[in-house]
Asks: 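The structure that follows is given in the form of structure tokens.
Numbers here simply count residues along the sequence, with the first being 1. Both counts, for ligands and for their atoms, begin at 1 and track the order of listing. Because the structure is predicted, anything quoted here is derived from the model rather than measured.
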Amino acid sequence: MQAMVYRGPYKVRVEEKHRPRIEHPNDAIVRVTIAAICGSDLHLYHGMMPDTRVGMTFGHEFIGVVEEIGSSVQNLKRGDRVMVPFNIYCGSCYFCSRGLYSNCHNVNPNATAVGGIYGYSHTSGGYDGGQSEYVRVPFADVGPTIIPAWMDQDDALMLTDALPTGYFGAQLGDIVEGDTVVVFGAGPVGLFAAKSSWLMGAGRVIVIDHLEYRLAKARSFAQAETFNFTEYADIVVEMKKTTGFLGADVVIDAVGAEADGNLLQHVTAAKLKLQGGSPIALNWAIDSVRKGGTVSVIGAYGPLFSAVKFGDAMNKGLTLRMNQCPVKRQWPRLFEHIQNGYLKPSDIVTHRIPLEHIAEGYHIFSAKLDDCIKPVIEVSAA
Ligand SMILES: NC(=O)c1ccc[n+]([C@@H]2O[C@H](COP(=O)([O-])OP(=O)(O)OC[C@H]3O[C@@H](n4cnc5c(N)ncnc54)[C@H](O)[C@@H]3O)[C@@H](O)[C@H]2O)c1
Ligand SMILES: [Zn+2]
Ligand SMILES: [Zn+2]
């Protein structure tokens, strides 16, 4: 089969690989129809994620058709069209039974922090991902769900990560009616976090980035006020000014470990690898939120330490909340919002790229060329 394969930082290509096989009675093999490239894949692509091995296939956002099932699978049958959450999880351990699907205890012997994620390095379990013609889906009775007949395929794809993660970011903010919410990052996750903040009662939503075309999308798609951080000497001071010098009630970090905006952070993180990523957006979040406010972190950080302003967070009495998104927990409410027309997640898709040209897709998305927001990879016919 054809699959995207990692060859080293900034190098990916399509290769012929063995088709995955059923390895456990509760596995399914899914023939992928469409997949997406996520901002998280860029951390792998840039060589920022520990233990990303040459030969690995990325892709944790995909939907497809069940090709084969293991002998114990009961909820799926061959031919079902399924959406697969990015988390791999058992559904029954201590953590899964508390809804912490992204922290499953049974799927990742390589790490105690994170659970399993498709195509996300051996730090996240070493599972091959779905930017590929076929993918092995473990715990097939737990994660995948049959795509409802009324649901658009691109909307289903956005539900495998980006939308639930943005929604989760707003949820972790514990937004109270009328709150001012600031979102750092106008990528897919930040756009969905901003949009979701309104659904949770925000009175004001502000999105910050340095890419004008993405800020334009934040205005049109998420009805947000926008600030380009390169236009101000200090974006934190600007946030103070615009909130009566109190700070925002809630700030969401939808940027993560590869934030721009501070040369020292960039050099110590991306170049010298002295820290697990540049936490400049997180530090701006800590500084922009009011005392007693909440910072929600959905931007991804690696397992290594980063130079985070923890003392300021402590002395301001902040609540810091964060996690990889437990995707399926968000689905019932998000299905309702999509069916009712409150959310149209596929509106953020900007590019459609055949699997054979995925290397170009990575380049365009990574370099933020051609006004790219969300690239969809066309893998096989539905
Ligand atoms: N927690 C989860 O479950 C989860 C799931 C999916 C993605 N993520 C993470 O969320 C983050 C965003 O994902 P995405 O797909 O939207 O990525 P993306 O790369 O498309 O978007 C990131 C945006 O942040 C902007 N940015 C960079 N530095 C900034 C700064 N200092 N302040 C404000 N904006 C800045 C970039 O210009 C870009 O528009 C990534 O770190 C990704 O790994 C987490
Ligand atoms: Zn993702
Ligand atoms: Zn579990």
Asks: Of all the atoms in ligand 1, which lie at a distance below 4.0 Å from a heavy atom belonging to Leu211?
Replies: 37 (O), 39 (O)

Asks: Side-chain heavy atoms under 4.5 Å apart, restricted to Ile/Leu/Val/Met/Phe/Trp/Tyr: what other residues fall into the cluster of Trp198, or is it alone?
Replies: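 Val205, listed by chain and number.
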
Asks: Do Asp347 side-chain atoms and Phe221 backbone N/O form a donor-acceptor pair below 3.5 Å?
Replies: no

Asks: At a cut-off of 2.8 Å, list the protein N/O/S atoms near the Zn ion (ligand 2), residue plus atom name.
Replies: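 Short answer, with waters excluded from the count: Cys38 SG, His60 NE2, Asp161 OD2.
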
Asks: Taking both backbone and side-chain atoms of Gln324, is any N or O found less than 3.5 Å from an N or O belonging to ligand 1?
Replies: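 Indeed, backbone or side chain, Gln324 has an N or O that close.
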
Asks: Please determine which of Lys374, Arg352, Lys344 meets the salt bridge (Lys or Arg N to Asp or Glu O under 4.0 Å) test together with Asp154.
Replies: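 The residue from Lys374, Arg352, Lys344 that satisfies salt bridge (Lys or Arg N to Asp or Glu O under 4.0 Å) with Asp154 turns out to be Arg352.
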
Asks: Salt bridge check, Arg290 against Asp249: does any charged N sit closer than 4.0 Å to a carboxylate O?
Replies: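 Counted as a salt bridge, because a side-chain N and a carboxylate O are separated by less than 4.0 Å.
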
Asks: So, is His210 polar-close to ligand 1, with some N/O to N/O distance under 3.5 Å?
Replies: yes

Asks: Ligand 1 and Ala300, any nitrogen or oxygen pair closer than 3.5 angstrom?
Replies: yes

Asks: With heavy atoms only and a cut-off of under 4.0 Å, state how Lys368 meets ligand 1: side chain, backbone, both or neither.
Replies: side chain

Asks: Can you tell which part of Thr165 has a heavy atom less than 4.0 Å from ligand 1: side chain, backbone, both or neither?
Replies: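 Near ligand 1, Thr165 shows its side chain, while the N, CA, C and O stay back.
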
Asks: Around atom 44 (C) of ligand 1, find the nearest protein heavy atom and jot down its residue, atom name and distance.
Replies: Ile298 O, 2.8 Å

Asks: For atom 12 (C) of ligand 1, what is the nearest protein heavy atom, given as residue, atom name and distance?
Replies: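 Going by distance alone, atom 12 (C) of ligand 1 is nearest to Ala254 O, 3.2 Å.
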
Asks: Below 4.0 Å, non-hydrogen atoms only: which portion of Asp161 touches ligand 1? Side chain, backbone, both or neither.
Replies: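 Within the 4.0 Å criterion, Asp161 contacts ligand 1 through side-chain atoms alone.
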
Asks: For His122 and Asn108, which heavy atoms make the closest approach, and how far apart are they?
Replies: O-OD1, 4.1 Å

Asks: Could you name all protein N, O or S atoms found under 2.8 Å from the Zn ion (ligand 3)?
Replies: Cys90 SG, Cys93 SG, Cys96 SG, Cys104 SG

Asks: Any pair with a residue in residues 214-231 that passes salt bridge (charged side-chain N to carboxylate O under 4.0 Å, His left out), sequence neighbours left out, goes on the list, sorted by first then second residue, please.
Replies: Arg204-Glu225

Asks: Please check if atom CZ in Arg333 has more than 12 non-hydrogen atoms from other residues, nucleotides or ligands closer than 6.0 Å.
Replies: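 Counting neighbours around CZ of Arg333, 12 or fewer heavy atoms of other residues, nucleotides or ligands fall under 6.0 Å, so no.
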
Asks: Within the structure, does Trp284 bring an N/O atom to less than 3.5 angstrom of an N/O atom in ligand 1?
Replies: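 In fact, backbone or side chain, Trp284 has no N or O that close.
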
Asks: In the protein, what heavy atom is nearest to atom 15 (O) of ligand 1, and what distance, to one decimal place, separates them?
Replies: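 Closest protein heavy atom to atom 15 (O) of ligand 1: Gly39 N, 2.9 Å.
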
Asks: Do Arg19 and Tyr134 meet the cation-pi criteria used here (NZ or CZ under 6.0 Å from the six-membered ring centre, within 45° of the axis)?
Replies: yes

Asks: Answer yes or no: is there an ion pair linking Arg53 with Asp51, defined by an N-O contact shorter than 4.0 Å?
Replies: yes

Asks: Is it the case that ligand 1 has an N or O less than 3.5 angstrom from some N or O of Phe365?
Replies: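 N/O-N/O distance below 3.5 Å does not exist for this pair.
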
Asks: Below a 4.0 angstrom heavy-atom separation, can you tell me which part of Phe86, side chain or backbone, both or neither, approaches ligand 1?
Replies: side chain

Asks: Atom 42 (C) of ligand 1: which protein heavy atom is closest, and how many Å away?
Replies: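 I find the closest protein heavy atom is Ser40 OG, 3.2 Å.
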
Asks: Any side-chain donor paired with an acceptor under 3.5 Å for His266 and Asp260?
Replies: no

